[in-house]
Chemist: 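Have a look at this one before I ask anything.
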Amino acid sequence: MKEPKHELKEQLENVLKSIWLKVYEEKTKAIASNYDEQLINELLSKKYVFIENGEIKLSEEGERVARKVVRLHRLAERLLSDVLGISEHNTEISACLFEHVLSEEVEEAICTLLGHPAICPHGRRIPKGECCLEGASQIRRLIFKLSELNPGDEGEVKYLVADEPVLQKILTLGMLPGKRFRIIRVFPAYVVQLGNTNFAIDKTIADTIYALKI
Amino acid sequence: MKVALIGSPNVGKSLIFYHLTGKYATVSNYPGTSVDVTRGKIKGLEATLIDTPGMYSFITITEEEKVAKKILFDEQPDVVVHVMDAKNIERKLPLTLQLIDSCFNTVLVLNAMDEAKRLGMQIDVDLLRERLGIPVVETIATQKKGIRQLKEIIESFRGNEKAELIYFNEGIQNLIKDITSMIESSYPVRKQFLAQLLLMGDADAVEMIRKEKKFEEIIEYVKKASLRYPHSLSYEMALQIEKSSSKILSGIVSYVLPEKGSLVEKLGELTIHPVFAIPMAIAAILALYFFAGVIGAQILVDFLETFFEDNINIPLNSALEVYVPNYWLRELIGGEFGIITLGLRYAFAIILPIVTIFFFIFSIIEDSGYLPRLAILMDRLFKVVGLSGKAVIPLVLGLGCGTMATIVTKVLETRKEKIIATVMLAVGIPCSAQLGVIFSIAPDITSMIIWVSIITVVLLIAGYLASKMIKEPEPVFLIEIPTLRVPELGNVVTKTITRLEWYFKEVIPVFVVASLFIWVGRITGVFDMLVSLLTIPAGVIGLPEEAAIVFLFGFFRRDYGAAGLFDLADKGLLSVSQIIVAMVTLTLFVPCVAQFLVMVKERGMKVAILIFVTSVIIAFGVGYLTSIGLVFTNLV
């Protein structure tokens with residue numbers, strides 16, 4: 001059985017997350033009457049939220065906490081699906097638990113391991129953490145941008161982060177998630193062996209391909 | 001019966017076309033040669049064969065891909081032959097599945113089976129045939145193997161056995177179902193397939209259904225649907241198509257130990273090596289220079305020129321003196337500017353040898369698969385002027401003929417790249433005839449170096465400024481690297497002849513017309529007026545009056561002007577520094593009439609005129625600076 005205190009924290013964080021998603025991603029309003037009154041009162045007393053004309057708004061501190069929960073959830077999704085290969089359904093369940101328990105240190109370690117991913121497996125943006133901005137770290141990484149690999153390295157494409165026209169080009173090459181490739185050169189352009197063909201790409205494209213280094 | 005050849009660039013479509021029809025479409029070992037569509041009759045069959053430009057997928061990016069798709073949709077071929085490089089079957093099969101899904105009668109050709117076997121690849125063709133429900137043929141086009149079988153299959157083909165080979169998940173299936181029900185008219189492809197294209201964001205599909213009653217509704221629906229897939233619907237769908245393809249291929253492709261890499265393959269590695277690649281690129285350009293510049297422009301031109309003068313011009317002129325009493329009539333054919341003595345002499349004695357050799361060497365380089373490698377090498381440098389490495393193809397071709405190269409700028413992907421490449425071709429990439437003449441009149445190595453440096457700097461500045469002026473996103477670079485091959489002599493020769501044929505169809509009339517214009521201009525006095533007008537800038541940059549005529553010629557054809565310059569220098573009318581100034585100015589001077597017309601056609605009147613005027617200003621401006629610079633630096 002969970003400690004009651006823990007459970008409350010989790011519930012509060014879920015409410016904050018839900019408000020954050022409404023306000024910052026769906027760009028709609030969070031109506032106070034749609035939420036559990038007790039939980040909202042608790043958040044009000046912690047000064048995480050305030051209410052204006054029946055609409056809940058996040059305080060600066062509340063926004064920070066909510067953003068972090070979203071970030072942890074999506075990082076966890078990436079970790080579970082890219083590195084551990086967990087099914088989509090189980091990924092979602094576990095990520096919902098992870099988001100409440102990961103410490104800052106673990107968060108940074110996972111983020112770095114995954115090469116500071118920009119999007120979650122569903123294509124939604126992962127809010128940046130401090131480690132993403134600093135970049136440098138002691139932790140060994142698993143996921144790299146193709147542009148960060150060296151000649152001789154082999155990788156498996158995990159996901160692509162590109163705008164439509166560039167994405168189309170990469171797709172027509174057949175550089176799809178799950179495909180294995182080998183880096184042959186990184187200068188004067190990135191030369192990549194995919195199946196039986198070599199092709200060359202520039203840094204702009206190499207930056208959009210995230211791969212698990214094998 | 002209509003048969004279309006479809007497939008990504010450089011997989012042997014054009015060669016198969018040649019074997020089936022006996023007609024030559026430009027074949028090469030680099031992506032993007034066939035921008036135009038070639039048609040021919042299949043030998044011994046009542047069927048028209050259409051060779052399409054390269055096409056990677058139904059979601060088209062480049063103009064050539066659009067052309068290929070348009071042929072499929074508009075011409076409704078009875079059979080579509082999908083040609084692929086056998087070793088890339090894993091990546092290319094999705095397009096086959098889409099062809100089958102869109103209801104085209106499809107034949108799959110696995111070409112270059114020899115290369116696949118060398119890689120240790122084994123394909124269970126019988127099983128593939130069964131799973132796809134269409135004929136599958138193995139060929140080696142370079143050795144003409146499997147062609148007869150392909151012909152028999154086309155002749156007896158009765159249609160696909162299966163309709164749907166792509167499985168989308170339920171979510172996407174529902175989207176397709178909904179859109180299909182909204183489409184009312186009938187189209188060359190199945191409605192379900194059209195719905196797929198719409199969902200994948202294909203602009204051509206949107207154009208196709210523009211007349212639909214529920215057009216707005218459909219577009220709105222697609223927009224809403226894609227919002228539900230933050231990862232982009234096309235990505236999601238591409239993944240699922242790919243999944244269907246892998247499933248079909250499972251157990252079909254297997255590998256045994258590959259044969260050892262050949263010497264040519266090792267050389268291929270070197271051509272993109274960061275260190276060895278540069279000397280190799282220089283060697284390739286030097287080879288072009290040596291053959292076109294030295295053998296073509298100097299030895300051959302010298303020989304042919306003398307021959308033409310002695311055996312045609314002199315006897316012709318004396319015959320004219322005797323038999324044609326009218327001065328102007330005599331001048332039309334002979335004399336200094338006549339159709340034969342000037343027009344045809346320039347065309348056959350000066351231009352022909354240079355261009356022939358250039359096209360021959362270019363075809364060898366092209367067929368070997370070297371150009372994409374050169375593109376890789378140049379990509380970073382080209383980015384400075386707003387181009388991607390791919391632009392190397394039109395720019396190097398521009399060293400042969402600027403007009404042809406301007407047409408080939410079609411292979412570039414963005415409007416920005418096309419304009420910049422057009423600008424560079426118009427402003428300063430000298431064509432082979434110009435190049436040849438410049439090589440032969442250059443007094444010494446120093447003046448060659450001065451000329452090359454000035455032109456390079458001007459080109460870089462022009463490209464840089466153009467790229468800054470066009471506010472569009474920077475191009476991205478992505479190119480498939482073909483296997484380096486030893487070119488087949490037969491292919492090279494045929495290709496050279498095809499190009500020469502094009503060139504002469506284009507050149508001879510212009511030369512004759514130019515002579516005619518000059519003739520009319522001389523009678524009416526317009527010619528003298530223009531010449532005296534051009535004498536002013538020519539005088540400012542320190543050139544004699546005769547040079548003004550050369551510039552006027554240069555407008556009719558660049559090589560025409562170059563040939564005029566050759567005459568001038570030959571007569572010893574120019575000093576060393578005057579020759580350098582003339583070389584620079586003429587290289588930078590306006591593009592010829594033909595190139596200008598192509599510019600108007602490809603880029604529009606406004607852009608073409610802008611480039612035209614700019615290049616006149618640049619030519620005389622830089623010419624002036626050169627003449628001053630030469631005086632001050634005392635280099636020559």
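Protein chains get the first letters and strands the later ones, always in sequence-line order, with residue 1 at the start of each.
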Chemist: So which part of B/Glu474 gets closer than 4.5 Å to some heavy atom of chain A, the side chain, the backbone, both or neither?
Modeler: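 For B/Glu474, there is no contact with chain A at all, as no heavy atom is under 4.5 Å.
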Chemist: Which bit of B/Met378 comes within less than 4.5 Å of chain A, counting heavy atoms only: side chain, backbone, both or neither?
Modeler: neither
Chemist: I'd like to know if the side chain of B/Arg380 and the backbone of A/Ala189 have a donor-acceptor N/O pair within less than 3.5 Å.
Modeler: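 Between the backbone of A/Ala189 and the side chain of B/Arg380 there is no qualifying donor-acceptor contact (under 3.5 Å).
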Chemist: Is the count of non-hydrogen atoms from other residues, nucleotides or ligands lying under 6.0 Å from A/Asn53 atom CG greater than 12?
Modeler: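 Not buried by this count: 12 neighbours or fewer within 6.0 Å.
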Chemist: Can you tell me how far apart CZ (A/Phe187) and CG (B/Leu377) are? Round to the nearest 0.5 Å.
Modeler: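 Atom-to-atom, A/Phe187:CZ and B/Leu377:CG are 8.5 Å apart.
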Chemist: Taking all non-hydrogen atoms of both residues into account, name the closest pair between A/Tyr159 and B/Tyr235 and its distance.
Modeler: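 Heavy atoms only, the tightest pair is CA-OH, 3.8 Å.
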Chemist: Between B/Ala238 and A/Leu171, which heavy-atom pair has the shortest distance, and what is it?
Modeler: CB-CD1, 3.8 Å
Chemist: Within a radius of less than 6.0 Å around NZ of A/Lys29, do more than 12 heavy atoms belonging to other residues, nucleotides or ligands occur?
Modeler: no
Chemist: How long is the gap from CD on B/Glu90 to CG on A/Leu194, to the nearest 0.5 Å?
Modeler: 9.0 Å
Chemist: At what distance, to the nearest 0.5 angstrom, does NZ of A/Lys169 lie from OG of B/Ser57?
Modeler: 12.5 Å
Chemist: Taking CZ in A/Arg182 as the centre, count heavy atoms belonging to other residues, nucleotides or ligands within less than 6.0 Å. Is the count above 12?
Modeler: yes
Chemist: Closest approach of A/Ile170 and B/Leu478, non-hydrogen atoms and distance?
Modeler: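 Minimum heavy-atom separation between A/Ile170 and B/Leu478: N-CD1, 4.4 Å.
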Chemist: Side chains of B/Asp379 and A/Pro188, heavy atoms from C-beta outward: is any pair under 4.5 Å?
Modeler: no
Chemist: Does atom CD (A/Glu60) have a neighbourhood of more than 12 heavy atoms from anything else shown, all under 6.0 Å?
Modeler: no
Chemist: Taking every non-hydrogen pair under 4.5 Å, which of B/Met121, B/Met200, B/Glu413 racks up the most with chain A?
Modeler: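 Of the options given, most contacts go to B/Glu413.
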Chemist: Quick check on B/Tyr255 against chain A: is it the side chain, the backbone, both or neither that has a heavy atom closer than 4.5 Å?
Modeler: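 Contact with chain A: side chain only.
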Chemist: So what's closer than 4.5 Å to chain B heavy atoms on A/Thr197: side chain, backbone, both or neither?
Modeler: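 Both backbone and side chain.
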Chemist: Tell me, for A/Val186 versus chain B, whether the close heavy atoms (under 4.5 Å) come from the side chain, the backbone, both or neither.
Modeler: backbone
Chemist: Does any N or O in the side chain of B/Arg91 come within less than 3.5 Å of the main-chain N or O of A/Gly195, such that one atom is a donor and the other an acceptor?
Modeler: no
Chemist: So which part of A/Lys179 gets closer than 4.5 Å to some heavy atom of chain B, the side chain, the backbone, both or neither?
Modeler: side chain
Chemist: I'd like to know if the side chain of A/Asn198 reaches the main chain of B/Ile481, judged simply by a donor and an acceptor atom lying under 3.5 Å from each other, with no hydrogens or angles considered.
Modeler: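 Looks like no, no N/O pair under 3.5 Å.
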Chemist: What is the minimum heavy-atom distance between B/Phe477 and A/Ile205, and which atoms define it?
Modeler: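 Closest approach of B/Phe477 to A/Ile205, heavy atoms only: O-CD1, 3.5 Å.
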Chemist: Is it true that a side-chain atom of A/Asp202 and a backbone atom of B/Val476 form a donor plus acceptor pair closer than 3.5 Å?
Modeler: no
